[in-house]
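Encoded as structure tokens, the structure appears first; notes follow it.
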Amino acid sequence: KDVTPWTSTGGWATSVTDPIHICGGKSSWAAGSTCPATGTLSLPALPAGEFAVYYANYLGNNEFGVSRGYQLPLQRLWPDVVVVEQCSAVEKAAADAKNK
């Protein structure tokens with residue numbers, strides 16, 4: 001949770017899961033295309049712990065076909081995500097959240 005996702009000296013931090021591609025993989029991104037303005041994001045199963053979720057805006061390729069990388073700084077989506085072992089309190093909270 002308290003890890004900087006990318007630095008110029010260290011590169012990318014170790015991720016707990018593979019990236020979630022909101023608009024599909026890089027091979028499906030066309031020039032000038034945009035992602036939907038709203039949507040639902042599902043996180044994969046994570047071990048118990050606290051995690052930060054970031055949005056990395058990919059800048060596409062330049063006129064020579066070379067990747068421009070990602071826009072910095074990365075945007076943190078939530079203050080943190082807490083994952084706990086399954087228990088009745090978690091099941092009730094999940095049911096309450098769905099009802100809202």
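Atom set for the values below is all heavy atoms of this structure, side chains included, hydrogens, waters and symmetry mates excluded. Position 1 is the first residue of the sequence; numbering continues from there.
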Among all residues two or more places apart in sequence or in another chain, which pass the side chain to side chain contact (heavy atoms under 4.5 Å, CB included) test with [X]?
{"X": "Gln75", "value": "Tyr55"}
{"X": "Thr14", "value": "none"}
{"X": "Pro5", "value": "Tyr54, Leu74"}

Exercise for the section: Locate the shortest heavy-atom distance separating Phe51 from Val16; write the atom from each residue and the value. Expected result: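 Closest pair (atom of Phe51, atom of Val16, distance): CE2-CG2, 3.5 Å.
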Problem - Nearest atoms (heavy-atom pairs only) where Ser67 meets Tyr58 - result: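 Of all heavy-atom pairs spanning Ser67 and Tyr58, the closest is OG-OH, 2.9 Å.
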